Amino acid sequence: MLQIYNSLTKKKEVFKSVEEGKVSIYTCGPTVYSSSHVGNFSAFLMADLLVRYLKYKGFEVKWIMNITDVGHLTDDNELSDSGEDKMEAASKKENKTVWEIARHYEDLFMKDLKTLKILPAFKYPRATEHIEEMIDMIKLLDEKGVIYETSDGVYFDISKFKDYGKLSGNSLEALQAGARVEVNEDKKSPFDFALWKKLTGKNEDHIMKWDSPWGTGFPGWHLECSAMSKKYLGETLDFHTGGEDNKFPHHESEIAQSETANGKKFVNYWMHKSHIVLNDEKMSKSLGNFFTVQDVMNKGFSADSIRFTFITAHYRSKLNFNEDQLNESQKTIDKFNDFIQTVLKVNTSDCEDETASIIKSAKQQFEKGMDDDLNMSVALASLFGFMKSIRKNIESGNVSKESKTAVLDFMKELNSIFEVFDFDEKKEKEFSKDEQDVINKLIEKRNKFRAEKNWAEADKIREELIRMGVNIADKK
RNA sequence: GGCGACGUAGCCAAGCGGUAAGGCAGAAGUCUGCAAAACUUCUAUGCACCAGUUCAAAUCUGGUCGUCGCCUCCA
């Protein structure tokens, strides 16, 4: 029985899908005005882990991740000078059109998704290709009487939505009291958010623009997720995931729009990824303290170690991202793969062994952990115990052919979640007869040095052999 | 100022009222150097601090201190 911490109710809840056996998941994807960094991908890996575990449990999963390719202002306020369009700023900086910028960073994003072995979503809808759906939603909201028009745009009147603030734990009053935003005189409340922006004031020359019943302009940034999730997944979603920074105002506003427009509950389970931190400070584009996947790989770390680090750290605790974490992940991956190699090479015998019950209990423990809000620490602990038990069986020489297959099948099943295991048996390197002669001579020579306790020379030969692809493991 | 999360060994981390899982690092050993793998054993009388509730508290309550996040674009 899968339990998930729902950020809306702030409780762990037993998961029940809207439709028996099927699950719909919507993930807030990237805004493609610059490279996504590993912190961004940690949120997508959280979704990947969820998708993979649900599939492991036998659900049919439909996963949608949007691509935000409309340039959005940093601020809805006309009064603020800090508001700039990120897409257009990038376009000027890189001397490309906004469309080129969007496609360029989208391509990079897709490449990194693949590198990190994140499962392909059902679709990656682009905001710019769903303007009509967004306009339709504004029309629906208009019918419900919750919007109003000003000289610069169309806004959602949040006083018309009782639960506004529920997700982020704010009441409207508290929001007003703690407000740090500047006041736009035309808006009824500073927290009313834009559904449509007109080409006036500093948006006069906005490059991406579309016609609408409210004049030429561009959509508000919360709208795309409401419109696209409805189109591809329906009015009530099982899961909606994203980074914790999206809770307010983005997801809060999505709820207001979708529930008002559709008259139905928008999302059953909200999941938010805690930020990863660097020296106790969150990694973010605006702080500038970020690494891209490529940056980390250029330092010599494998993509798998990045993947493993993020899926094994719990998604609701902030991960302090550093090289130690990556090194440890790599070691753990190697440990699993060494184990798999040992199993692949084991010589089976006709015998009874306890493999079946070892696998059964490991599987139970693993699922017990994962079922508890994806508690990977508990899940992993069961696997370390599992490997130890199986190795003992192997050392005692009691492994049947069936057991060997069962262990490998179990590891493969687990790999549908981890996706970092390697099942290719590492064959001894083949050498020609001449090479074999050379190697034998070197080994003889080294043994002689060892007998003489001439360790320096012996080590030199070992290094030479390793370079040739010969592994030396000294035993008594 | 408002809202929220967290503080368990050198590091990462589980635990959700019954007496501290697991991983990394470290130590000793199986083993005549060193390195690698595996295995065995060891490594927190204590869970930020102070009170309280209880037969029993890392776990519940109140307070204190500290760290971080959100409240403006960010996963």
Side-chain angles (χ1 to χ4, degrees), chain A residues 7 10 12 27-31 33-34 36-47 71-77 80 82-86 89 165 168-171 173-182 191 221 241-250 252 272-277 280-287 290 309 312-320 322 324-325 327-329 331-332 334-335 338-339 341-342 365 369 372 375-385 387-388 391-392 394-395 450-451 453-456 458-459 462-463 466 471-476:
Chain A
S7 359
K10 296 170 180 56
K12 276 184 200 168
T27 297
C28 276
T31 305
Y33 67 89
S34 70
S36 296
H37 56 71
V38 289
N40 301 136
F41 283 103
S42 79
F44 305 135
L45 278 165
M46 172 191 81
H72 290 296
L73 300 177
T74 56
D75 196 329
D76 279 342
N77 261 296
S80 170
S82 66
E84 60 169 347
D85 184 300
K86 301 243 163 175
S168 55
N170 283 306
S171 66
E173 297 73 48
L175 279 170
Q176 315 278 16
R180 292 198 319 207
V181 295
E182 293 167 70
F191 295 99
W221 82 287
T241 77
E244 61 177 338
D245 54 309
N246 277 157
K247 271 190 194 175
F248 188 91
H250 187 51
E252 204 77 79
H272 289 97
K273 172 75 176 71
S274 289
H275 287 133
I276 70 170
V277 299
D280 284 331
E281 208 176 38
K282 75 160 171 167
M283 180 182 288
S284 80
K285 287 185 182 175
S286 46
L287 290 172
F290 63 86
T309 298
T312 55
H314 191 83
Y315 73 93
R316 281 193 290 122
S317 61
K318 54 176 186 184
L319 170 73
N320 202 349
N322 56 41
D324 290 347
Q325 292 282 351
N327 283 325
E328 197 172 316
S329 290
K331 269 186 207 169
T332 307
D334 292 345
K335 194 177 169 118
D338 283 347
F339 172 74
Q341 286 302 314
T342 305
Q365 285 302 111
D372 182 15
N375 189 334
M376 193 53 100
S377 298
V378 170
L380 272 182
S382 76
L383 300 184
F384 288 120
M387 286 194 288
K388 203 174 270 192
R391 274 187 188 279
K392 263 187 200 165
I394 291 174
E395 266 163 42
R450 291 186 73 221
K453 295 192 197 293
N454 188 346
W455 311 125
D459 287 352
R462 176 167 60 197
E463 272 167 36
I466 287 170
N471 270 319
I472 292 288
D474 291 328
K475 279 183 187 162
K476 193 178 176 180

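This one's a predicted model, so the numbers in the text were calculated from it and none came from an experiment. Residue numbering restarts at 1 for every chain, and letters A, B, ... go by the order of the sequence lines.
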*Asks:* With heavy-atom distances below 4.5 Å as the criterion, would you say the side chains of A/Phe339 and A/Phe384 are in contact?
*Replies:*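 Contact flag for A/Phe339/A/Phe384 side chains = no.
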
*Asks:* Is A/Lys247 near enough to B/rC71 that one of its side-chain N or O atoms lies under 4.0 angstrom from OP1 or OP2?
*Replies:*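 No, A/Lys247 has no side-chain N/O under 4.0 Å of OP1/OP2 on B/rC71.
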
*Asks:* CZ of A/Phe290 versus C1' of B/rC73: gap in Å, rounded?
*Replies:*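 Atom CZ in A/Phe290 sits about 14 Å away from atom C1' in B/rC73.
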
*Asks:* Need the pair for B/rU54. Rule: Watson-Crick or G-U wobble, both distances under 3.5 Å, any strand; none if unpaired.
*Replies:*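 Base-paired to nothing in any strand shown.
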
*Asks:* Would you tell me whether A/Thr309 and A/Gln325 have side-chain atoms, one donor and one acceptor, within less than 3.5 Å of each other?
*Replies:*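 Their side chains do not contain a donor-acceptor pair, so the 3.5 Å distance test is not met.
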
*Asks:* Does a nitrogen or oxygen in the side chain of A/Asn320 sit under 4.0 Å from OP1 or OP2 of B/rU67?
*Replies:*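 Checking B/rU67 against A/Asn320, no side-chain N or O comes under 4.0 Å of OP1 or OP2.
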
*Asks:* I need the CG-C1' distance between A/Leu287 and B/rU72, as an integer number of Å.
*Replies:*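 Atom-to-atom, A/Leu287 to B/rU72, this comes out as 13 Å.
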
*Asks:* With rounding to the closest Å, how many angstrom separate the P atoms on B/rA44 and B/rC6?
*Replies:*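 Nearest-Å result for B/rA44 against B/rC6 at atom P: 27 Å.
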
*Asks:* Without decimals, in angstroms, what is the distance between A/Lys86 NZ and B/rU72 P?
*Replies:*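 Value for this atom pair: 14 Å.
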
*Asks:* In whole Å, what is the span from the CZ atom of A/Phe41 to the P atom of B/rC74?
*Replies:*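 That distance rounds to 16 Å.
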
*Asks:* If every non-hydrogen atom of A/Val378 is compared with every non-hydrogen atom of A/Gly369, which pair is closest and at what distance?
*Replies:*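 So the minimum-distance heavy-atom pair works out to CG1-CA, 3.7 Å.
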
*Asks:* Taking CE from A/Met376 and P from B/rG15, how many angstroms apart are they, rounded to a whole number?
*Replies:*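 My rounded result for the distance is 14 Å.
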
*Asks:* List the atom of A/Ser274, the atom of A/Arg316, and the distance in Å for their closest heavy-atom pair.
*Replies:*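 Heavy atoms of A/Ser274 and A/Arg316 come nearest at OG-O, 3.0 Å.
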
*Asks:* Dump the pairs, protein N or O against N or O of nucleotides 16-19 of chain B, anything under 3.5 Å, distances to one decimal.
*Replies:*
none

*Asks:* Testing the basics here: between A/Ile276 and A/Gly39, what is the closest heavy-atom pair and its distance to 0.1 Å?
*Replies:*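 Smallest interatomic distance, heavy atoms only, reads CD1-CA, 3.6 Å.
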
*Asks:* Expressed in whole Å, how much space separates the C1' atoms belonging to B/rG18 and B/rA56?
*Replies:*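 Comparing C1' positions in B/rG18 and B/rA56 gives a spacing of 7 Å.
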
*Asks:* Given that both distances must come in under 3.5 Å, which nucleotide forms a Watson-Crick or G-U wobble pair with B/rA13?
*Replies:*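 Base partner found: none.
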
*Asks:* Could you please name the partner base of B/rU64, counting Watson-Crick and G-U wobble pairs only when both distances are under 3.5 Å?
*Replies:*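 Here B/rU64 is engaged in a pair, and the nucleotide opposite it is B/rA48.
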
*Asks:* Touch check for A/Asp334, heavy atoms < 4.0 angstrom, all strands: base, sugar-phosphate only, or nothing?
*Replies:*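 Touches nothing.
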
*Asks:* Please tell me which of A/Pro249 and A/Val277 maps to the more 5' nucleotide of RNA chain B, matching each residue to the nucleotide holding its nearest heavy atom.
*Replies:*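 Of the two residues, A/Val277 wins.
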
*Asks:* Any donor-acceptor pair, under 3.5 Å, between the side chain of A/Asp459 and the base of B/rG33, if you only look at N and O atoms?
*Replies:*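 For A/Asp459, whose side chain was compared with the base of B/rG33, there is a donor-acceptor pair (under 3.5 Å).
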
*Asks:* Restricting to salt bridge (charged side-chain N to carboxylate O under 4.0 Å, His left out), what partner residues turn up for A/Lys12, sequence neighbours left out?
*Replies:*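 Partners of A/Lys12 by the salt bridge (charged side-chain N to carboxylate O under 4.0 Å, His left out) criterion, ordered by chain and then number, come out as A/Asp372.
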
*Asks:* Both distances under 3.5 Å, Watson-Crick or G-U wobble: report the partner of B/rC70, or none.
*Replies:*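 The answer is B/rG2, by the H-bond criterion.
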
*Asks:* With both distances under 3.5 Å as the test, what is the Watson-Crick or G-U wobble partner of B/rU32?
*Replies:*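 Across all strands, not a single nucleotide pairs with B/rU32.
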
*Asks:* I'd like the C1' distance from B/rG26 over to B/rU43, given in whole Å.
*Replies:*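 Per the computed distance, 8 Å lies between those C1' atoms.
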
*Asks:* Checking all strands, does A/Met283 fall into the base, sugar-phosphate, or nothing category for heavy-atom contacts under 4.0 angstrom?
*Replies:*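 Base contact - A/Met283 has a heavy atom under 4.0 Å of at least one base atom.
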
*Asks:* Select base, sugar-phosphate, or nothing to describe what A/Leu319 touches, counting heavy atoms under 4.0 Å on all strands.
*Replies:*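 No contact.
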
*Asks:* Assign A/His272 to base, sugar-phosphate, or nothing according to its heavy-atom contacts below 4.0 angstrom with the strands shown.
*Replies:*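 Here A/His272 touches no strand at all.
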
*Asks:* Determine the minimum heavy-atom distance between A/Ser34 and A/Lys285, stating which atoms define it.
*Replies:*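 Scanning both residues, the minimum pair turns out to be OG-NZ, 3.3 Å.
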
*Asks:* Grab the N/O contacts between the protein and nucleotides 38-41 of chain B below 3.5 Å, and write none if there aren't any.
*Replies:*
residue, atom, partner, partner atom, Å
B/rA38, O2', A/Glu395, OE2, 2.9
B/rU40, OP1, A/Lys392, NZ, 3.4

*Asks:* Rounding to a whole Å, what distance do you find between A/Lys10:NZ and B/rC70:C1'?
*Replies:*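 These atoms are roughly 11 Å apart.
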
*Asks:* Identify the heavy atoms of A/Phe44 and A/Pro30 that sit nearest to each other, and give their distance.
*Replies:*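 Looking at all heavy atoms of both residues, the closest pair is CZ-N, 3.9 Å.
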
*Asks:* Apply salt bridge (charged side-chain N to carboxylate O under 4.0 Å, His left out) to A/Asp338 and list each qualifying residue two or more places apart in sequence or on a separate chain.
*Replies:*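 Counting only residues at least two positions away or on another chain, A/Asp338 forms no salt bridge (charged side-chain N to carboxylate O under 4.0 Å, His left out).
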
*Asks:* Determine which nucleotide pairs with B/rU59, using a 3.5 Å limit on both distances of a Watson-Crick or G-U wobble pair.
*Replies:*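 Answer to the pairing question: none, since B/rU59 forms no Watson-Crick or G-U pair.
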
*Asks:* Does the structure show a Watson-Crick or G-U wobble partner for B/rG26, both distances under 3.5 Å? Name it, or say none.
*Replies:*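 Pair assignment: B/rG26 / B/rC42.
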
*Asks:* Are A/Lys331 and A/Asp334 ion-paired here, with the side-chain N under 4.0 Å from a carboxylate O?
*Replies:*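 No, no charged N to carboxylate O under 4.0 Å.
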
*Asks:* Between A/Trp455 and A/Phe384, who's closer to the 5' end of RNA chain B by nearest nucleotide?
*Replies:*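 Result: A/Phe384.
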
*Asks:* Would you classify A/Arg462 as touching base, sugar-phosphate or nothing, given that sugar-phosphate means primed atoms plus P, OP1 and OP2, and contacts are heavy atoms under 4.0 Å?
*Replies:*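 Answer is base: heavy atoms of A/Arg462 come under 4.0 Å of a base.
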
*Asks:* List for me each residue that meets salt bridge (charged side-chain N to carboxylate O under 4.0 Å, His left out) alongside A/Arg391, sequence neighbours excluded, and say none if there are none.
*Replies:*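 Partners of A/Arg391 by the salt bridge (charged side-chain N to carboxylate O under 4.0 Å, His left out) criterion come out as none, since no residue qualifies.
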
*Asks:* Using the C1' atoms only, state how far B/rC47 lies from B/rG7, rounded to an integer number of Å.
*Replies:*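 These two C1' atoms come out 10 Å apart once rounded.
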
*Asks:* Per the atom types in the model, does the base of B/rC74 pair as donor or acceptor with the side chain of A/Lys282 at under 3.5 Å?
*Replies:*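 Indeed, a donor on one side and an acceptor on the other fall under 3.5 Å apart.
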
*Asks:* Testing A/His275, A/Lys273, A/His272 one by one against A/Glu244 for a side chain to side chain donor-acceptor pair (under 3.5 Å), which residue passes?
*Replies:*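 In the set A/His275, A/Lys273, A/His272, the residue that makes a side chain to side chain donor-acceptor pair (under 3.5 Å) with A/Glu244 is A/His275.
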
*Asks:* Pick the P atom in B/rG17 and in B/rA27, then give their distance to the nearest Å.
*Replies:*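 Each nucleotide's P atom is 39 Å from the other's.
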
*Asks:* Once you apply a heavy-atom cut-off of 4.0 Å, does A/Glu244 come out as touching a base, just sugar-phosphate, or nothing?
*Replies:*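 Contact class for A/Glu244: sugar-phosphate only.
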
*Asks:* Give a yes or no on whether the backbone of A/Ala379 and the side-chain of A/Gln365 come within a donor-acceptor separation of less than 3.5 Å.
*Replies:*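 Between the backbone of A/Ala379 and the side chain of A/Gln365 there is no qualifying donor-acceptor contact (under 3.5 Å).
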
*Asks:* Which nucleotide, in any strand shown, forms a Watson-Crick or G-U wobble pair with B/rU19, with both distances under 3.5 Å?
*Replies:*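 No nucleotide pairs with B/rU19.
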
*Asks:* For residues A/Glu281 and A/Leu287, determine if any side-chain heavy atom of one lies less than 4.5 Å from a side-chain heavy atom of the other.
*Replies:*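 With C-beta onward as the side chain, the pair touches.
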
*Asks:* When the distance from CG of A/Asn322 to P of B/rC11 is rounded to whole Å, what number comes out?
*Replies:*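 Distance, rounded to whole Å: 12 Å.
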
*Asks:* Using whole Å, report how far CG of A/Asn375 lies from P of B/rA14.
*Replies:*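 Rounded to whole Å, this separation is 7 Å.
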
*Asks:* Tell me what A/Gly39 touches on the nucleic acid: a base, only sugar-phosphate, or nothing, going by heavy atoms under 4.0 Å.
*Replies:*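 Contact class for A/Gly39: base.
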
*Asks:* Any protein N or O atoms within reach of nucleotides 59-62 of chain B? Criterion: under 3.5 Å, listing atom names and distances.
*Replies:*
none

*Asks:* Considering only heavy atoms and no angle criterion, is a donor-acceptor pair shorter than 3.5 Å present between the side chain of A/Ser286 and the base of B/rC73?
*Replies:*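 Looking at the base of B/rC73, it does pair with a donor or acceptor on the side chain of A/Ser286 (distance under 3.5 Å).
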
*Asks:* Is it true that the side chains of A/Lys247 and A/Ser7 contain a donor and an acceptor less than 3.5 Å apart?
*Replies:*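 No.
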
